Amino acid sequence: MSLDIIKEKTDLTYLKWSHIRGSSGTAGTFLKSQSSINGVKRYYKLSNFDMEKGVIGHECINEIIVARLLTILGVEHLEYKLINADISVDGRIYNTYLCASEDFKERGESKVALDDYFRVNQVKGESRYDFCVRNGWKDYIDRMIAIDFIILNRDRHGANIEILRNSRAHTFRPAPLFDHGLSLLYSCNSEEDVKKFDVMDDKACQNFIGSRSCFDNLQLIKGLGEVFPNRLNKSDKAYLFEGLEDILPSIYLDKIWKMISKRYKVYEDIRDNK
């Protein structure tokens, strides 16, 4: 049984949702909420949502798949749970799978978006990549660039990379990787869309580090070598999709595996020949 999926229906109708406009040209709305129970703060978010049709996207499922991929590759990341829940939005009840996560800040830490931190602390003429290297975050940024290529992450803007600051200890560290909903096949809303989707297409993406091309950004990684602590194997497919077979149609899961495995192979080829 997958510990990161709760299939038994949960009543979360008490949550209050705020509207966040879809980014990267997506239609619809992304809703977020939070709760604090027994001192534990939890954050919730929905896939792409339409007031008439309800949930029309599968971004929350992408979060689980990418979190598992990062676990396989040995990369620190935010842990998500996929929860089957009843929710209330503007007085209407909907049933959906949503994502839940807990605060990744440690006691005494505050967070700042990387774009804001860069704006204040950059050296004149310094690239965003070189700025991160100078601050000791090369491994983190290299892994982020590589994973964003593999999953075709369309939304790595400057606020989707955070720096955690402990003013008392005078320490700064990058937050665990998070927010990967707008990746993989998120733009496919039908099986026909899935069939037409080119898993190797280099779509224009929001990238704070580098250019709008996730493929070109691989060239930023200096001395590519082995970026991830672990490697992806064919046997990992079962773990990636465990428990999702009755949540997302198999045509999606099969295409997602094709996408991840083929793009990972391209990353490996570039790594081995650089």
Side-chain angles (χ1 to χ4, degrees), residues 1-7 24 26 30 43-49 55-85 96-102 104 143-156 160 176-191 193-195 197-201 203 205 214 227-268:
M1 181 177 178
S2 302
L3 297 179
D4 54 1
I5 302 177
I6 299 175
K7 293 188 176 182
S24 298
T26 58
F30 293 90
Y43 301 91
Y44 305 88
K45 62 181 179 179
L46 301 182
S47 297
N48 202 4
F49 180 84
V55 173
I56 57 176
H58 44 89
E59 290 81 5
C60 287
I61 301 171
N62 289 350
E63 293 285 15
I64 295 299
I65 294 172
V66 175
R68 291 175 176 181
L69 177 62
L70 292 169
T71 295
I72 291 167
L73 296 175
V75 178
E76 185 183 16
H77 60 88
L78 181 60
E79 299 283 355
Y80 291 96
K81 283 190 181 294
L82 190 65
I83 303 174
N84 177 12
T96 186
Y97 275 92
L98 54 77
C99 272
S101 60
E102 295 184 3
F104 50 59
R143 289 167 186 170
M144 184 194 76
I145 290 171
I147 198 65
D148 283 349
F149 167 74
I150 293 168
I151 66 172
L152 190 58
N153 184 11
R154 274 71 130 204
D155 203 32
R156 187 71 77 182
N160 270 349
L177 292 179
F178 66 94
D179 207 348
H180 301 104
L182 299 189
S183 65
L184 303 173
L185 306 187
Y186 94 89
S187 59
C188 296
N189 293 316
S190 69
E191 293 191 0
D193 290 341
V194 175
K195 292 175 184 177
F197 189 86
D198 181 357
V199 299
M200 293 307 302
D201 192 8
K203 298 180 184 296
C205 303
C214 288
V227 170
F228 301 117
N230 305 322
R231 294 197 173 195
L232 179 70
N233 299 297
K234 290 181 180 180
S235 58
D236 293 319
K237 180 181 179 182
Y239 168 68
L240 274 182
F241 303 132
E242 181 185 358
L244 296 174
E245 301 86 351
D246 57 346
I247 299 176
L248 193 64
S250 60
I251 187 172
Y252 282 82
L253 299 179
D254 290 341
K255 196 66 172 273
I256 289 171
W257 174 250
K258 182 178 180 181
M259 181 180 189
I260 289 173
S261 57
K262 288 190 71 172
R263 294 176 76 93
Y264 179 79
K265 180 62 166 59
V266 169
Y267 148 76
E268 278 196 316

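Please read these numbers as outputs of a predicted model, since none were measured by experiment. Computed over heavy atoms, backbone and side chain alike; hydrogens, waters and symmetry mates excluded.
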Chi angles and distances behind the side chain to side chain contact (heavy atoms under 4.5 Å, CB included) call for Ser187, Phe197: CA-CA 9 Å; Ser187 59; Phe197 189 86; 3.9 Å; yes
Heavy-atom closest contact (Met144 atom, Leu177 atom, distance): CG-CD2, 3.9 Å
Nearest heavy-atom neighbours spanning Asn160 and Asp155: ND2-O, 2.7 Å
Full working for side chain to side chain contact (heavy atoms under 4.5 Å, CB included) between Cys205 and Asn153: CA-CA 7 Å; Cys205 303; Asn153 184 11; over 6 Å; no
Parallel, tilted or perpendicular, as decided by the 30° and 60° cut-offs, for the rings of Phe241 and Trp257: perpendicular
By salt bridge (charged side-chain N to carboxylate O under 4.0 Å, His left out) - contacts of Asp236 (at least two apart): none
Residues in salt bridge (charged side-chain N to carboxylate O under 4.0 Å, His left out) contact with Glu102, at least two apart in sequence or another chain: Arg42
Looking at [X] and [Y], would you say the former's side chain and the latter's main chain have a donor-acceptor pair under 3.5 Å?
{"X": "Glu59", "Y": "Leu182", "answer": "no"}
{"X": "Lys81", "Y": "Leu3", "answer": "yes"}
{"X": "Tyr252", "Y": "Cys188", "answer": "yes"}

Criterion side chain to side chain contact (heavy atoms under 4.5 Å, CB included) on Cys60 and Tyr97, from CA distance to verdict: CA-CA 7 Å; Cys60 287; Tyr97 275 92; 5.7 Å; no
Separation of Ser101 OG from Tyr44 OH (nearest 0.5 Å): 9.5 Å
Separation between CD1 of Ile256 and OG of Ser183, rounded to the nearest 0.5 Å: 8.5 Å
Polar contact flag, side-chain donor to acceptor under 3.5 angstrom, Arg68-His77: no
Tyr43 ring center near Phe178 ring center (under 6.0 Å): no
Side chain to side chain, Lys7 and Ile247, heavy atoms closer than 4.5 Å: yes
